There are 2 protein chains.
Amino acid sequence: MSTIKDVAERAGVALGTASRVLSGSAQTSPESRARVLAAAAELNYVRNGTARALRRSRTDVLGLLVSDIRNPFFSELAHAAEREAMRRGYTVLLANANEDAAQADEYLRIFATQRIDGLLLSPQGPVSPQLESLVASRLPVVLLNRSLDGLDAPLFATDNAQGVALVLDWLQVRGHTEVAFIGGPTAFSTAAERKAAYLAGRESHGISVDDRLIDEGDFLADGAEAAMLRVLDRGKRPTAVFGVNEPTTLGAVRGLRRRLSVVEAARVEVISFDDVDWFEFATPPISAVRIGAAEIGRLGVAGLLDLIEGRPVSSRRVATSLVDRALS
Amino acid sequence: MSTIKDVAERAGVALGTASRVLSGSAQTSPESRARVLAAAAELNYVRNGTARALRRSRTDVLGLLVSDIRNPFFSELAHAAEREAMRRGYTVLLANANEDAAQADEYLRIFATQRIDGLLLSPQGPVSPQLESLVASRLPVVLLNRSLDGLDAPLFATDNAQGVALVLDWLQVRGHTEVAFIGGPTAFSTAAERKAAYLAGRESHGISVDDRLIDEGDFLADGAEAAMLRVLDRGKRPTAVFGVNEPTTLGAVRGLRRRLSVVEAARVEVISFDDVDWFEFATPPISAVRIGAAEIGRLGVAGLLDLIEGRPVSSRRVATSLVDRALS
DNA sequence: GACGCTCATGGAATCGTTTCCATGGAAACG
DNA sequence: CGTTTCCATGGAAACGATTCCATGAGCGTC
């Protein structure tokens, strides 16, 4: 593989000149410019990113650590973040914590040795020592989706209160009073915020305040199914169910089907925080709050670049919209 | 941020010795070993990966280029590949072509400057110049899922013929003779193989050979919906539909619902190549061939590392299994 | 007791860039 | 015409690791 030295020799200029042409870092005469570019093309020159990063002590790489890449919310977010970063000349190193704090730490270590220029973090749990040392080394960090106690970084997240308000309005319009709420682990700020907003608003929307209708799982299908079963086993027969993210909704529907007859289950309306394609095929179709995962990804990258380049950054909440699939 | 030189000074040894301890590349005395490790811990030393990569001219990074990270098949594959790579001491740089050849090329360029040690490729289209130059530079490459004319690289893919055989058997057992086949672009080897296997086997499985039942889309929901509508508009009333990947199946179901009454549509059985969770909630539930996306990812990484380390590698097909959700 | 061998270590070269500094020539200005 | 200014360029240092080479200590053997 040819180096910049080869290019310079072939072009008949000094090595420094070739570098200046190829990186565009300083003015060069049209003459040497042309010769260097020609030589580079002939030799099929590809810049060595590792050498460049070493010398400049920056890599133009951003680290993105997500909870679970197989969750559509995160894969869409990652996709959007990647595109935005690329548009701005950065590469994204994507890491998948798989909802596991130990694995998250492992990736943070890799990020550190790879010398990323900034970190987009969707946290798994509390601040780890590994994360602390990254922050201590003055690495720019932004948080996605979930906030994190003890870490003062800009947050780009869903407007949970606004989204829950949409759900409450929908429930009220459709005349539901017996509504089951299947939440997530309140250790996560997302779950906590959604639950708080729901509890605060239910009474004013004519919804029963019976807490036997409230339960929570683990943000995954199995835990949510168990929670749904607990609600039903308390003798409650809700006319609607609110699932607090997509896997939770999936689990809740499984729970309904398991305890109730097909006819009974088909009479329960379901609404979800976080929308996916297949909701239209459920019986009855499931309505949902659509989260702007892509926009969170884009805003996160933009915010991180601002941080890197020393501009002021403030947290942003992204508004949601309602996808109403109710039949009548 | 501290360097290996700082560590060496603090430990009172030469820079070379510190390197030998920290990289474990040569024997060192227990004494200096202990002192270096202690110094490294005290200084919070993190190896500079860019310097290391420059000197060793290898990065321990693998490039993974997928068609669409939002497709569950690829996100599961990517996840598994990443885990396997990490287990073997490599990092994965994930790139998302977004079903776009130009973007794929852009990422191949980035891979080249980042000096990846090997490439896992799920191709978008024909061999591009960019890809050609990577191959010419002797970069180890393995193909995932789709083969590629003109590129001689090991392929790790689904056993399409075996999967289609499962579908044919299922259709026969359930007594279907009028079966609509919604395929994909035959420029992709996956689509071509599945179609060929279906056409070859249908007659012996008692399925009508009327080609008005056959159509194809673009592997995405919208194209498949259009294809489904064309079949119906030719006056065919299939009792079963075979969708050749997940988005295709989704589109086909949409097509059915659009042309037929709810009752009629609910009478059509659907079977899909590639399984996802929500199929259990469709009416009637959708059966599917389950592809071992995770295994393809793992095998791909293992094969690529074999290639990198000079061991012989041969292509592998991964067997599928049937998830039968038929009600009766 | 001399010789040879092993083995840990110090010191220096090296990887491929970017960037600093000095230089020389051309242009600009009085 | 002489002096200053500007600008493109050549050459070399620097980034932070790995690795080669030479050296010297320690040890076993004849």
Side-chain angles (χ1 to χ4, degrees), chain A residues 1-37 39-40 43-61 89 91 109-117 137, chain B residues 1-37 39-40 43-61 89 91 109-117 137:
Chain A
M1 195 142 244
S2 50
T3 73
I4 205 171
K5 195 176 151 202
D6 303 330
V7 173
E9 275 168 15
R10 175 150 199 148
V13 300
L15 189 149
T17 303
S19 170
R20 281 180 284 256
V21 168
L22 292 169
S23 68
S25 62
Q27 275 203 324
T28 48
S29 72
E31 156 103 26
S32 32
R33 184 174 173 69
R35 303 181 53 165
V36 167
L37 291 179
L43 292 174
N44 229 313
Y45 171 74
V46 178
R47 178 197 278 154
N48 185 322
T50 62
R52 168 171 236 234
L54 173 61
R55 178 59 233 245
R56 305 201 315 158
S57 42
R58 45 177 293 195
T59 50
D60 296 341
V61 172
T91 304
R109 212 184 319 276
I110 291 179
F111 282 165
T113 75
Q114 296 282 342
R115 296 292 197 270
I116 57 171
D117 289 345
S137 72
Chain B
M1 193 142 245
S2 50
T3 73
I4 204 171
K5 194 175 153 205
D6 303 330
V7 173
E9 274 169 14
R10 175 150 198 149
V13 301
L15 189 148
T17 302
S19 170
R20 280 179 285 255
V21 169
L22 291 170
S23 68
S25 62
Q27 275 202 324
T28 48
S29 72
E31 157 103 27
S32 33
R33 184 173 173 70
R35 303 181 52 166
V36 168
L37 291 178
L43 292 175
N44 230 313
Y45 171 73
V46 178
R47 170 155 65 204
N48 185 322
T50 62
R52 169 173 233 229
L54 173 60
R55 178 59 232 246
R56 304 202 316 158
S57 43
R58 45 177 294 196
T59 50
D60 296 340
V61 171
T91 304
R109 213 184 319 276
I110 291 178
F111 282 165
T113 75
Q114 296 283 341
R115 296 292 198 267
I116 57 171
D117 289 345
S137 73

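Here the structure is a predicted model, which is why all the values come from computation and not from measurement. Below, read A as the first sequence line, B as the second, and so on, with proteins coming before strands; counting in each chain starts at 1.
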Undergrad: So which one's nearest nucleotide on DNA chain C is more toward 5', B/Ser32 or B/Ser57?
TA: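 The residue closer to the strand's 5' end, by nearest nucleotide, is B/Ser32.
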
Undergrad: Please report the interatomic distance CG(B/Leu15) to OG1(B/Thr3), rounded to the nearest 0.5 Å.
TA: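 If we round to the nearest 0.5 Å, B/Leu15:CG and B/Thr3:OG1 are 7.5 Å apart.
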
Undergrad: For the residue pair B/Leu22 and B/Leu37, what are the closest heavy atoms and their distance?
TA: CD2-CD2, 4.2 Å

Undergrad: Is A/Arg33 atom CZ crowded by more than 12 heavy atoms from other residues, nucleotides or ligands, each under 6.0 Å away?
TA: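 Counting neighbours around CZ of A/Arg33, 12 or fewer heavy atoms of other residues, nucleotides or ligands fall under 6.0 Å, so no.
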
Undergrad: How many whole angstroms separate atom CD1 of B/Ile4 from atom P of C/dA12?
TA: 17 Å

Undergrad: Could you tell me the Watson-Crick or G-U partner of D/dT3, where both distances fall under 3.5 Å? Say none if there is no partner.
TA: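 The base-pairing partner of D/dT3, which may sit in any strand shown, is C/dA28.
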
Undergrad: Of all nucleotides in DNA chain D that come within under 4.0 Å of a heavy atom of chain A, which is furthest toward the 5' end and which toward the 3' end?
TA: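 The footprint of chain A covers D/dA8 to D/dG16.
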
Undergrad: Classify B/Thr50 by what it touches in the nucleic acid, base, sugar-phosphate, or nothing, heavy-atom distance under 4.0 Å.
TA: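 Counting heavy atoms under 4.0 Å across all strands, no contact is made by B/Thr50.
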
Undergrad: I need the CZ-C1' distance between A/Arg55 and C/dG16, as an integer number of Å.
TA: 12 Å

Undergrad: Please determine whether a side-chain nitrogen or oxygen atom of B/Gln27 lies at a distance below 4.0 Å from atom OP1 or OP2 of C/dC7.
TA: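 Looking at the OP1 and OP2 atoms of C/dC7, neither is under 4.0 Å from any side-chain N or O of B/Gln27.
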
Undergrad: So which of residues 15-25 of chain B are in contact with DNA chain D, with a heavy-atom cut-off of under 4.0 Å?
TA: B/Leu15, B/Gly16, B/Ser19, B/Arg20, B/Ser23

Undergrad: Take B/Asp60 and B/Asp117, measure what side chain to side chain contact (heavy atoms under 4.5 Å, CB included) needs, and give me the verdict at the end.
TA: CA-CA 6 Å; B/Asp60 296 340; B/Asp117 289 345; 3.8 Å; yes

Undergrad: Quick one, B/Thr50 and A/Arg52 - any side-chain contact, counting heavy atoms below 4.5 Å?
TA: no

Undergrad: Could you give the distance from OG1 (B/Thr17) to CZ (B/Arg35), rounded to the nearest 0.5 Å?
TA: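 Answer for the OG1-CZ pair, B/Thr17 versus B/Arg35, is 11.0 Å.
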
Undergrad: Would you give the length of the straight line joining atom CD of A/Gln114 to atom OG1 of B/Thr91, rounded to the nearest 0.5 angstrom?
TA: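 With rounding to 0.5 Å, CD (A/Gln114) is 5.0 Å from OG1 (B/Thr91).
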
Undergrad: Would you mind reading off the distance between B/Glu9 atom CD and C/dG11 atom P, rounded to a whole angstrom?
TA: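 Atom CD in B/Glu9 sits about 12 Å away from atom P in C/dG11.
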
Undergrad: Nearest 0.5 Å please: distance from the CG atom of B/Asn44 over to the CE atom of B/Met1.
TA: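 Reported value, rounded in 0.5 Å steps: 7.0 Å.
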
Undergrad: A/Arg52 has an atom CZ; how far is it from atom C1' of C/dC15, in whole Å?
TA: 17 Å

Undergrad: Write down the distance between CZ (A/Arg56) and P (C/dC15), rounded to a whole number of angstrom.
TA: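 In whole Å, C/dC15 P lies 22 Å from A/Arg56 CZ.
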
Undergrad: Mind listing the closest non-hydrogen atom pair of B/Ala40 and B/Val7 along with its distance?
TA: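 That would be N-CG1, 3.9 Å.
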
